[in-house]
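A short write-up of the structure that comes next.
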Amino acid sequence: MELITGAYEPKETESKIYEQWEQSGYFNPDNLSVEKDAKNYIVYMPLPNVTGTLHMGHALNNTIQDIVIRYHRMNGYRTLWLPGTDHAGIATQYVVEKELKKKGISRFELGREKFIEKVWEWKNQYGNTIISQLKKLGVSCDWSRIRFTMDEAYAKDIQNAFVHYHEKGFLYRGKRVVNWCPRCGTSLSELELEYKDEKSKLWYIKYPLTDKTGYVVVATTRPETMLGDTAVAVNPKDERYKNLVGKTLLLPIMHREIPIITDDAIDMEFGTGAVKVTPAHDMVDFEIGERHTLEVIQVIDERGKMNESAGIYNGMKAEEARGKIIEKLKEEGLLEKEEEYDHRVAICYRCGHVIEPIPSLQWFLKMNDLAKNALDAVKSGKVKIIPNNFEKKYFDWLENIRDWTISRQIWWGHRLPVWFCTNQQTTENYIVSIEKPDTCPFCKNCDMEQAPDVLDTWFSSALWPFAGLSESDLKNYYPGTTLITARDILNLWVARMIYSGIEFKKELPFMNVFINGTILTKDGKRMSKSLGTGIDPLKYIDQYGADATRFGIMWQANGQDIRWDETAITAGKKFANKLWNASRFVLQQTEHLKQKPGDITPITEADKKILGALGEIKKSVKKDIEEFEFSKPLHNAYDFFWHEFCDVYLETSKEQIKDEKLSENTKTILLHVLLSSLKIFHPFIPFVTEEIYSYIPLENKKKYLMIEEW
RNA sequence: GCGCGCUUAGCUCAGUGGUAGAGCGACUCGUUUACACCGAGUAGGCCGGGGGUUCAAUCCCCUCAGCGCGCACCA
């Protein structure tokens, strides 16, 4: 008996087993000895950011992916799990900027080239942290195919995509109000915003009529933007203002004459029903402005400060100006009242700074056709979203899609393949080209300059299912089968992959999108590093083992959000030990057996019962996994093994073994049930099952449990 | 404001139109050789409140409350 006696020690085996798996080459589908016509089962990993370190969300998401992959690999599929890391533009730039700041250096002092060098240095040092952490979890990705979204080949695909959209007429450049993060100094798409509740005030301000016959009161949460007001709008149906429409008002402080206009966008119920219109600092106002050809007067700049159009407030931070303006209005008797008001402010999803809508010259991607394709893919059932109540979120976004601001004013990322004439930089004088043009088509003699902007990181993630594959792999490993991800990137990422697949490969990138739950703290709060509510899964792996950690996570992962309960990991540890000890018993009894596990005949009632139960559990676990249920089969298999096999059959077998007529057959059944159980459990707890498997005394067994068929 | 989800044992959660289940914890008993990270037991639940459908509701319908999440043109 080679099996170590006593309790199972995961630490000693896990790293050894993982090394064996990697050396086996079986993470790579090319090395699997599958049937020629075997079906593919392909999962493209949601790219972790290079800045990332493993958190519980990753642990859950990757454990599920590994379960699905291992299950299909064992069952004859040509299985590929493609890993990669995302350059994560803003996030990474933010991290490196913070590092530099500690040394008192800003990126502007360093300059673009030097700064990017620094980011690469940082990436080379820390970028693989999450990969080594994932390995500890036991994930069976094909590391030989790992890609980084800034790899040369990947970059090529991105540039080609940009050119493709340009040629198709889907790209345009224009000055529009965009979501701007003054801290990061870049535009953001609407999906990159988060919101926080803020106790604020609603100020009611009197705007006097130019003819001095009275005034109109407007309500606002942002008095500082009034300096850029170019109209006051009311609903055309609003009787209260009927006789004022067409008249003009004298904008307080600025003493500018502005018209009273009507627009359907105005809600009569809110405030006074009269709204100040600031086309430069509000998306809706910008649209109203376009409908009425209002002037756009920008008063807040890219750093969040008042600019020269803000008169005496020039140079002040917007917030400071707000206070001063309210004071001034009070002095002039133009502040009617102020009310307490709770509202939500948009903040940057990377740095948390409050978003400032400002007019900015950006690149946009027309979304209508693309969105329609993504919509059809799910509506037609060609792509299934599981569970399907997430479809609504998907549809809502796509049905109300806005053009995508794809340019970012940061340095770390894929620079736009756009070249400007340096002599006459205008909105029109550029050409789109991957290579730098030899001669400028506009002035004929300048050295053309590449656009400084980089692409939204999500523009590159959107291409992952095919940009992550080599030319030859594309033939074999595109499209994929299933995408497993968290709900917060359903639109940000998944929707965009779907239309990108159709657009560039004429084929949907995958058939299923499984949305896993979110892991919350025990009191139902979001786990977050900044709030200090996060739990490090590596702590559990270290203390209880990767199997116990995976078990603990999957034990709770029923599809709903999970209020994290650490005791489930204890259960996992105990179970690994139970499996270990039961195996020791069975292996002691069956050391000499060299039979094939299939040669079994149930004789006693107990035999029949356990084999029947085994057949049932195999079938139900199979069905559950194929239907994206993971917690249920684990519970069921657990009950089967612990209670039906260990508590009942194992005890009965002790008597049966004493009976000469039953002895051999009983031992064979013991071994058969054990081996089958190892297979069933392997996707969930791969290390301990693989370790035990190595001791199973069978001829013709495969080298690794990970490729044993069920 | 609209939408979605949740509310079951001390904790975290399964579950079914017909005497309520698991893990962890608690308690009692048990160490003849797989395992004390164990075994055999026990206690503990008006299945969020109210109303309805039904012979029968924890489950279906309505409503209210609390919590969580998403969306909103939240001036």
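The two residues A:Y241 and A:T272 come nearest to each other via the heavy atoms OH-O, 2.6 Å.
Of the candidates B:A34, B:A14, B:C24, B:A34 carries the atom nearest the A:F585 side chain, counting heavy atoms from C-beta on. Checked against B:C6, B:A34, B:G23, the side chain of A:Q560 finds its nearest nucleotide in B:C6. Nearest nucleotide to the A:K392 side chain, out of B:G23, B:U12, B:G3: B:G3.
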Give me, pair by pair, the N or O atoms of the protein and of nucleotides 7-9 of chain B that are less than 3.5 Å apart, along with how far apart they are.
none

Enumerate all atom pairs, one protein N or O and one N or O from nucleotides 66-74 of chain B, separated by less than 3.5 Å.
residue, atom, partner, partner atom, Å
B:C74, O2', A:Y341, OH, 2.1

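Taking the centre and axis of the six-membered ring of A:F390, the NZ or CZ atom of A:R487 falls outside the cone set by 45° and 6.0 Å.
Looking at heavy-atom distances under 4.0 Å, A:A568 makes no contact with the nucleic acid at all. A:D639 comes within 4.0 angstrom of nothing in the nucleic acid, heavy atoms only. At the heavy-atom level, A:W555 lies under 4.0 Å from the strands shown only through sugar-phosphate atoms. A:T570 comes within contact range of no nucleotide atom at all, as no heavy-atom separation falls under 4.0 Å. At the heavy-atom level, A:Y638 lies under 4.0 Å from the strands shown only through sugar-phosphate atoms.
Distances shorter than 4.0 Å separate none of the side-chain N or O atoms of A:N577 from OP1 or OP2 on B:C35. Distances shorter than 4.0 Å separate none of the side-chain N or O atoms of A:K574 from OP1 or OP2 on B:A36. OP1 or OP2 of B:U12 has not a single side-chain nitrogen or oxygen of A:K522 nearer than 4.0 Å.
Residue-to-nucleotide contacts include no donor-acceptor pair under 3.5 Å from the side chain of A:E651 to the base of B:A40. The base of B:C35 sits within donor-acceptor range of the side chain of A:K578, with an N or O pair under 3.5 Å.
Below 30°, between 30° and 60°, or above 60°: for A:H343 and A:Y341 the angle between ring planes is between 30° and 60°, a tilted geometry. Using the six-membered ring where Trp is involved, A:F640 and A:F645 have ring planes that are parallel, under 30° apart on the 30 and 60° scheme.
Side chain of A:N235 to backbone of A:D267: no donor-acceptor contact under 3.5 angstrom is found. Of the possible donor and acceptor atoms, one in the side chain of A:T604 sits under 3.5 Å from a partner among the backbone N and O of A:D607.
Only the P atoms considered, B:U53 is 15 Å distant from B:C59, to the nearest whole Å.
For the segment residues 226-233 of chain A, the set of residues with a heavy atom within less than 4.0 Å of an atom of RNA chain B is empty.
Taking the centre of each ring, A:F514 and A:F630 come in below the 6.0 Å mark.
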